[in-house]
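Structure record follows, encoded as structure tokens.
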Amino acid sequence: MVSAYLNMVQSHRCISTSVACISEDHGMPLKKHEKVGLLDNKKPVKDNIAIPNSQPSENHNHTPLVTALKASAKQNVASFHFPGHNRGRAAPSSISNLIGIQPFLHDLPELPELDNLFSPEGPILDAQEQAAKLFGAAETWFLVGGTTCGIQAAIMATCSPGDTLILPRNAHISAFSSMVLSGVIPKYIIPEYDFDWDIACGVTPSQVENAIKKSENKGRKASAVLITSPTYHGICSNLEEISLLCHSHNIPLIVDEAHGAHLGFHKNLPRSALSQGVDISVQSTHKVLCSLTQSSMLHISGNIVNRERICQCLQTLQSTSPSYLLLASLDAARAQIITVGVWNLGISGFEADDILYESYGVVSELTGTRSITFAINLGTSRDDVLRLVSGLQHLSQTYKLVPLKEERLNDIQSFMETSSGMRLSPREAFFASKRKVTFKESIGNVCGELVCPYPPGIPILIPGEVITEEALGYLVDVKKNGGFVSGAADPSLSSIVICT
């Protein structure tokens with residue numbers, strides 16, 4: 001496991017308990033970059049693992065599943081098994097000419113020597129145990145359905161139909177699909193908001209405590225609490241205090257740590273979720289580390305969560321034909337995310353993103369109305385970073401600084417605070433009869449589809465909630481500023497699906 005620390009700064013504008021937040025310094029803190037050094041192309045960085053609760057094995061560089069897959073692919077055998085490309089012999093030339101034959105040679109099924117994902121006894125079990133030691137977990141499961149699958153399994157394993165789940169109103173879309181699958185009833189927390197950056201901040205312990213008390217006052221004890229930390233923009237919540245609070249009520253804490261698999265591997269980074277006492281952490285190893293897209297890990301700790309239910313849920317949700325290329329790729333490195341603000345240049349993040357791409361060939365991770373997020377990982381070369389810096393310098397020199405306006409553009413918090421609330425559970429709304437009405441006619445009706453600006457996939461309209469004028473206004477503003485909306489049956493938003 002390698003580490004490369006790049007810019008994680010704090011800000012007092014977001015929650016005071018946040019471990020890491022967006023910087024108020026609107027420029028790039030190059031001194032921090034220079035302190036650790038940017039990565040030269042093809043130059044490896046040294047191991048620098050420092051997780052208090054992890055237990056790296058003496059042979060932590062050994063990759064049992066990769067080794068087993070390599071050995072199996074080298075066998076000179078007559079293959080009478082799936083997949084149909086038969087170790088690349090029948091691979092379509094259009095794709096083999098593009099990526100080569102090696103991926104097909106190693107695209108093997110659950111052969112005896114490769115172990116079984118749902119009942120591991122060999123190299124998969126060994127690989128998962130090594131991952132658990134490294135990340136400080138009691139047990140770790142490899143996921144081939146991404147963190148979405150892990151979040152769904154975590155909620156289904158801790159909540160039964162009709163139970164209450166406490167979660168942020170801006171949780172990832174996977175949390176809402178989980179509610180349809182599990183039948184749980186949501187109790188939403190509205191996170192604090194930073195209007196300069198136009199992003200939501202973290203969740204505070206007091207907000208969680210209030211949500212627990214309000215649920216109990218209504219005779220509904222929460223079965224689980226879900227927190228997203230870090231967020232897409234790198235904002236962390238105080239998971240240690242939230243964990244202690246949840247455990248005092250015997251409530252398991254689930255953390256969507258999709259963008260935090262790297263946390264804890266450097267002394268200057270925020271602590272990992274597991275090191276702060278959470279019960280379940282789900283990490284997108286493919287996002288900030290270096291595994292293949294769609295591969296993730298689910299970690300558990302403590303004794304509140306029933307591991308057998310986790311196993312059952314994962315077996316229900318995951319493919320019975322898991323990709324061994326994805327499984328083997330879960331030996332990965334870590335990365336870091338930075339965000340640059342552009343609102344005081346008088347242009348939107350979407351406009352700045354177009355300029356950086358067209359003039360400098362810079363491709364960002366996430367574009368917002370007032371900022372752009374760039375992901376820097378172990379494959380990022382010094383030339384890449386210099387190109388990004390040149391583009392940012394061009395923007396700052398070309399576009400005149402303008403005074404910050406008091407108006408709140410795309411004020412998502414106003415929508416969340418004026419939400420009319422839930423009339424049907426997400427599961428009830430999913431299976432309800434539906435029809436399309438015009439955009440304006442939908443106001444006051446129960447939403448029948450999940451609509452969100454993307455990225456990062458944070459729903460604005462959720463099935464079962466009453467559609468408000470504020471919600472529709474937010475969607476219109478997003479499209480006006482160059483963003484796009486996904487999930488709606490009508491992408492133009494001329495009509496909305498409602499429950500009847």
Side-chain angles (χ1 to χ4, degrees), residues 146-149 151-152 167-182 186 188 190-191 193 198-200 228 231-232 256 258 348-351 353-354 365-370 373 409-500:
T147 293
T148 291
C149 167
I151 293 298
Q152 292 171 341
L167 74 163
R169 178 62 179 76
N170 65 329
H172 187 263
I173 190 173
S174 60
F176 300 97
S177 63
S178 302
M179 290 187 281
V180 173
L181 293 171
S182 63
Y188 293 121
I190 300 177
Y193 207 81
D198 195 20
I199 59 174
T228 302
T231 66
Y232 206 158
D256 178 351
S348 72
F350 302 107
E351 294 172 309
D353 187 62
D354 288 340
E365 165 62 23
L366 170 67
T367 304
T369 56
R370 298 165 71 83
T373 298
L409 301 176
N410 293 337
D411 189 349
I412 188 174
Q413 191 175 42
S414 67
F415 153 64
M416 292 191 291
E417 291 176 345
T418 58
S419 174
S420 296
M422 183 175 60
R423 191 171 296 174
L424 298 176
S425 72
R427 183 179 178 86
E428 290 172 334
F430 183 84
F431 290 105
S433 298
K434 301 176 181 69
R435 65 185 177 93
K436 284 185 179 181
V437 298
T438 65
F439 196 66
K440 290 185 178 180
E441 289 175 337
S442 68
I443 297 174
N445 287 287
V446 176
C447 186
E449 59 184 346
L450 194 150
V451 183
C452 59
Y454 194 88
I458 298 175
I460 298 302
L461 296 178
I462 300 174
E465 290 190 340
V466 177
I467 299 172
T468 65
E469 186 174 355
E470 289 80 9
L472 299 185
Y474 179 81
L475 293 174
V476 170
D477 286 342
V478 168
K479 291 180 69 69
K480 284 183 178 179
N481 282 284
F484 66 95
V485 176
S486 70
D490 181 1
S492 70
L493 296 183
S494 297
S495 62
I496 297 288
V497 175
I498 64 171
C499 297
T500 59

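Just the heavy atoms: all of them, side chains too, but no hydrogens, waters or symmetry mates, feed the values below.
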With side chains defined as the heavy atoms from C-beta onward, is the minimum distance between E441 and I496 less than 4.5 Å?
->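 Heavy-atom side-chain distance check fails, nothing below 4.5 Å.
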Would you mind reporting whether V476 and L493 have side-chain heavy atoms less than 4.5 Å apart?
->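 Counting from C-beta outward, L493 and V476 never come under 4.5 Å.
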Determine the minimum heavy-atom distance between [X] and [Y], stating which atoms define it.
X    : Y    : value
E465 : R169 : OE1-NH2, 2.9 Å
P186 : M179 : CB-SD, 3.3 Å
A429 : C447 : CB-O, 4.4 Å
L461 : A471 : CD2-CB, 3.6 Å
A175 : L167 : CB-CD1, 3.9 Å
M422 : P426 : SD-CD, 4.0 Å

Within the distance-only criterion (no hydrogens, no angle test), does the side chain of T228 pair as donor or acceptor with the backbone N or O of T231 below 3.5 angstrom?
->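 Checking the backbone N and O of T231 against the side chain of T228, no donor-acceptor pair under 3.5 Å is found.
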Any donor-acceptor pair under 3.5 Å from T500 side chain to S433 backbone =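 Yes.
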Nearest-0.5 Å distance, [atom1] of residue [X] to [atom2] of residue [Y]:
X    : Y    : atom1 : atom2 : result
T438 : K440 : OG1   : NZ    : 8.5 Å
L366 : Y232 : CG    : OH    : 5.0 Å
L424 : C499 : CG    : SG    : 5.5 Å
I460 : N170 : CD1   : CG    : 9.0 Å
S494 : K436 : OG    : NZ    : 9.5 Å
R423 : N445 : CZ    : CG    : 8.0 Å

Walk me through it: do I443 and L472 pass the test side chain to side chain contact (heavy atoms under 4.5 Å, CB included)?
-> CA-CA 8 Å; I443 297 174; L472 299 185; 3.5 Å; yes
Are there more than 12 heavy atoms of other residues, nucleotides or ligands under 6.0 Å from atom CZ of F430?
->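 Atom CZ in F430 is not packed in, count stays at 12 or less.
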Does the pair I151 and H172 meet the rule for a side chain to side chain contact (heavy atoms under 4.5 Å, CB included), with working shown?
-> CA-CA 10 Å; I151 293 298; H172 187 263; over 6 Å; no
Determine the sole option in S174, S178, S177 for which the side chain to side chain donor-acceptor pair (under 3.5 Å) test with Q152 is passed.
->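 By the side chain to side chain donor-acceptor pair (under 3.5 Å) criterion, Q152 pairs with just one of S174, S178, S177: S177.
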